[in-house]
Amino acid sequence: MKTALILGGRSDIGLAAAHRFAAEGYAIQLAARNSATLEGDKADLELRHKIEVQLLDYDALDTAVLRGFVDALQPLPDVAICAVGTMETQADAEADPLLAELTIRSNFEGPAQTLGLLANAFASRGSGTLIGVSSVAGDRGRATNYIYGSAKAGFTAYLSGLRNRLAGQGVHVATILPGFVDTKMTEGMELPGKLTASPEEVAEAIWKAHEKRRNVVYVKPIWRVIMAIIRNIPEQVFKRMKI
Amino acid sequence: MIVEGWGRFPRTRTTLRHARGEDDARRAVAQSGLINPLIARGNGRAYGDSAASPGTTLAMRRMGRMIAFDATTGLLEAEAGVLLADVIAAFLPRGWFPAVTPGTKFVTLGGAIAADVHGKNHHHDGSFCDFVDWIDLMGPDGEVQRLGPNSPLFQWTRGGMGLTGVILRAAIRLIPVESAWIRQRVVATGSLAETMACFEESLDAPYSVAWIDCLATGAQRGRSLVMLGEHATRDMLGPEQRARPYEIPRKGTKTVPFSAPGVSLNRYSVGAFNALYYARGKAGAGTSLVDWDSYFYPLDAILHWNRIYGRKGLIQYQTVLPLDRSEAGLTAMLDAIAASGQGAFLSVLKRMGPQGGNISFPMEGYTLAMDFPRSANALALCDRLDKITLDHGGRYYLAKDSRLTPNTLRAADPRMGAFHDMRAREGLTPHLASAQSQRLQL
Ligand SMILES: Cc1cc2nc3c(=O)[nH]c(=O)nc-3n(C[C@H](O)[C@H](O)[C@H](O)COP(=O)(O)OP(=O)(O)OC[C@H]3O[C@@H](n4cnc5c(N)ncnc54)[C@H](O)[C@@H]3O)c2cc1C
Ligand SMILES: NC(=O)c1ccc[n+]([C@@H]2O[C@H](COP(=O)([O-])OP(=O)(O)OC[C@H]3O[C@@H](n4cnc5c(N)ncnc54)[C@H](OP(=O)(O)O)[C@@H]3O)[C@@H](O)[C@H]2O)c1
C-alpha cells in the first residue's frame, strides 16, 4: 500500500489533500503540532476510505529534530506534501521583526528544511514525489505582502532547485501555486469569488501534479495569466503602483 | 461578505464564520444576540435567504467529519457538515444508501435536518428526520444537548430552519440496497386527472414523482411523465451490472461558467423544451434500469445550473395542498400559469404522505414545485398562486421561499404562530435569526 505524508496536517488544504489521496487508496501520515487533536480527522479518513492513518507530532520550526522526524517515518512515504505556512498582516510583520521572522521561517525555512531531508531519503530510495504548496505571492514582491511573499519566493526557488537536482533520480518535485484559497488563513477576508479556489480544488491540483508529474501548477489557470502580467510590468512603473 | 441562496436572491450582507469544530461554534454562538443574531449555514442549497443572517452566518461545511458506522444496523454518526454526496460515495459501495434524499446530493446533514427534506419516497417512507436517531444541538448558551425523536426540541428543530440552534452532529439510519441501480417505470399521462390517478394507484411504489408540463392547456392540462422507481435487486440486473452491482459508468460533470443573459429563457424556449421533453419521455415510456445518480440527481450533472437564469436569479415556488383539495387547487394553479404565459422550466409534482414533527413542510396531499426566472411577471404570478394556495388550504416550503410576507405565511400555516411563541418563550429569538426569519417574523 502506498503512503502519503501531509506536513501541516491540520491545514484546510492539507486535510483536503489527505482525503484526495486516501480516496485513491493511500495510507495517510498526518503531521502537525499537537497531532492528538486530529483524532476526529483520523477516524473520518479511516471510516470513509478504509485506509490507515498515523498522527505524527511535527513542528517545522524545530529544525534540530527534523532529521529525527524524517528518520522515524514508518514507512518512508511515497508522496510528501507540505502545506505548512502562516500569514500575518503585512503591517504587523513590518512593525515586528519577530513576526517577520516567524513568517519567513514558517513559509520558507521550515518547509524547505523538511522537504530537503525527505529529498535525501527519497533520492537514496530512487523514487517518490515531493509537493510544496507555495503561493503566487512569491512571483513578485508587492508592498501589500512582501514579507510573506518573499518567504514564498524563497520556497518556490528551493523547490525549483530540488526538482533540478532530483530530475535524473526518479524523484519528482511539484510546486503548487494557489492564488486565493478559502481557508482558515483567509477567513474574514473578502475574496473575489472567481479568483478563489476551494481547498478541494487545491487538493485536486496536488493529486494531478503527482499523477501527471507536473512541475509548476497554478491552481486556477487565470492566475498564471495574472502573474505573467504582474511580473512583466517594468520596475519603473511597478514601483509606483498600488497592487 | 455577501451571501446568497441557490436562487441567487435575496443577497445578504453578513459576517461569515466557519466552524471546524464544536469550540468554533461555541465561540460564535456566545457572541450572538439582538444586534448580532446567528444562523447556521450548510451547503447553501436552500433557494432563498434561510441560510444567511444579517448578523453572523456560521458555515458548517468544514465541520464535516464522519464519526462512526455500524455495518449491522446502517447507523451513521457524522458531523452536520457532511454532504449526502459524501455519504453515498463512502457507503453505496458497501451496500447502503440514504433513506431519504432531496433532488440534489449537495446538501449537508444539518441542512437536510433543518428543512426536514423530502424525497420521491415521502408517500412511502416519510421525510429525512424519520431516519434520524439523534442530533447534537447547540443552544444560544453554548450547551450541547443530544436529542432524540421523543424530545419536543427535536420536533421543533426538524423543519425549524436552523432557528432552534446549531446542529453539530447527527445519527442517521441508512437503508440496505442490493445495487446502484433503480428500476424505473415511466408513465405518460394525458391530463391532471390521469396523473393523479396514476399516483394514487402507485402508492406502493417506493419512489414516485412527475414532471408536469405546466404549459399544456385544454384537455391536455396537467399532462405529465410519472416516474416510478424502486432500488433494483440483484436479479433485476444484467450480467455485467451484476458482476459489479454498486458501480455505475463514470459521467463527467458540466459547469455553467458564468451567468447567462436573463433573456435566454423565455416562454418560447421553455415551451419548446417542455414539448420536446414530453415527446421524448412518452416515446421512451416503459421500464428501464437507471443509475442512482441520473435517477435521483439529474440536475447535479450540471454544476451551477442556477446560473442559466442570469444575474437576476430564479424563484422556486413550492406549496403542498391537502389531498381532498389537490385536484381543484392544482387545476386553478395550472390555469393561472398558462394564463400568465410564464413558462416554468422545471415543474415537479409529487404525492406526499402525512406530516411528521411540529413544523415540517409535508402533509398528505400533492406538492407542486416550479422554477421561474425572477421577473415582475413571475412575481405577479406567484401572488396569484398564493391566493389559490390559501383558498385550498395549502402551505409553503420555507427552504424554497424568498418572497413570502409574514401575513401570507401565517394565514397558510397557523403552526408558525406556535413556532414563533416557542422561540420567544425559550429565549431563542434574539440569538438565532436568518434574513428569512426576520422577513417572516418567526
Ligand atoms: C436542485 C435542488 C433540488 C432540491 N430538491 C429538493 C427536494 O426534492 N426535496 C426537498 O425537501 N428539498 C429539495 N431542495 C432543497 C434542499 O434540499 C434544502 O434547501 C436543504 O435544506 C439544503 O441543504 P443545505 O445543506 O444546502 O442547507 P442550507 O441551504 O445552507 O440551509 C438550509 C437551512 O438549514 C439550516 N441549517 C443548515 N445547516 C444547519 C446546521 N448545522 N444546524 C442548524 N441549521 C442548519 C439553515 O439555517 C437553513 O435554514 C432542493 C434544492 C436544490 C438546489
Ligand atoms: N489560503 C490561501 O489563500 C493560500 C494562498 C496561497 C498559498 N497558501 C498556502 O497554502 C498552505 C496551506 O494553508 P491553508 O490555506 O490551508 O491555511 P491553514 O489552514 O492556516 O494552514 C496552515 C497550516 O500550517 C501549519 N503550520 C504553521 N506553522 C507550522 C509549524 N511551525 N509547524 C507545523 N505546522 C505549522 C498550521 O498548523 P496549526 O494548525 O498547528 O497552526 C496550519 O495547519 C500554506 O503554505 C499557505 O501559505 C494559502
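We name chains A, B, ... by the order of the sequence lines, and we start the count at 1 in each one. All values below come from the heavy atoms of this structure, side chains included, with hydrogens, waters and symmetry mates left out.
- For the set A/A43, A/G188, A/G193, A/P199, the entry with the most heavy-atom pairs within less than 4.5 Å of chain B is A/P199.
- For chain A, the nearby part of B/A68 is the backbone; its heavy atoms alone come within less than 4.5 Å.
- At a 4.5 Å heavy-atom cutoff, B/V87 makes no contact with chain A through either its backbone or its side chain.
- Contact of B/R17 with chain A is made through backbone and side chain together, with heavy-atom distances under 4.5 Å.
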Step by step, would you call B/R20 with A/L15 a side-chain contact (heavy atoms from CB on, under 4.5 Å)?
CA-CA 12 Å; B/R20 290 178 176 75; A/L15 272 176; over 6 Å; no
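- A/E187 places none of its side-chain heavy atoms less than 4.5 Å from the side chain of B/L16.
- Taking a 6.0 Å sphere around CZ of B/R244, one finds it holds 12 or fewer heavy atoms contributed by other residues, nucleotides or ligands.
- Note: B/L76 CG to A/L47 CG = 7.0 Å, rounded to the nearest 0.5 Å.
- In terms of heavy-atom pairs under 4.5 Å with chain B, the best-connected choice from A/L45, A/D12, A/L191 is A/D12.
- In A/E94, the CD atom is crowded: over 12 heavy atoms of neighbouring residues, nucleotides or ligands sit closer than 6.0 Å.
- Across all their heavy atoms, B/M1 and A/E190 have their closest contact at N-OE2, 2.9 Å.
- Around atom CD of A/E201, more than 12 heavy atoms belonging to other residues, nucleotides or ligands sit under 6.0 Å away.
- Other residues, nucleotides and ligands contribute only 12 or fewer heavy atoms inside 6.0 Å of the CD1 atom of B/I35.
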side-chain contact (heavy atoms from CB on, under 4.5 Å) evaluation trace for B/H18 with A/D182
CA-CA 10 Å; B/H18 293 264; A/D182 181 13; 3.9 Å; yes
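- Enclosure of atom NZ in A/K184 by more than 12 non-hydrogen atoms of other residues, nucleotides or ligands within 6.0 angstrom is indicated.
- For a residue to count as touching a neighbouring chain, one of its non-hydrogen atoms must lie under 4.5 Å from one of that chain's; by this rule A/E39 does not touch chain B.
- One finds no salt bridge joining A/E46 and B/R65 here, because no Lys/Arg side-chain nitrogen approaches an Asp/Glu carboxylate oxygen to under 4.0 Å.
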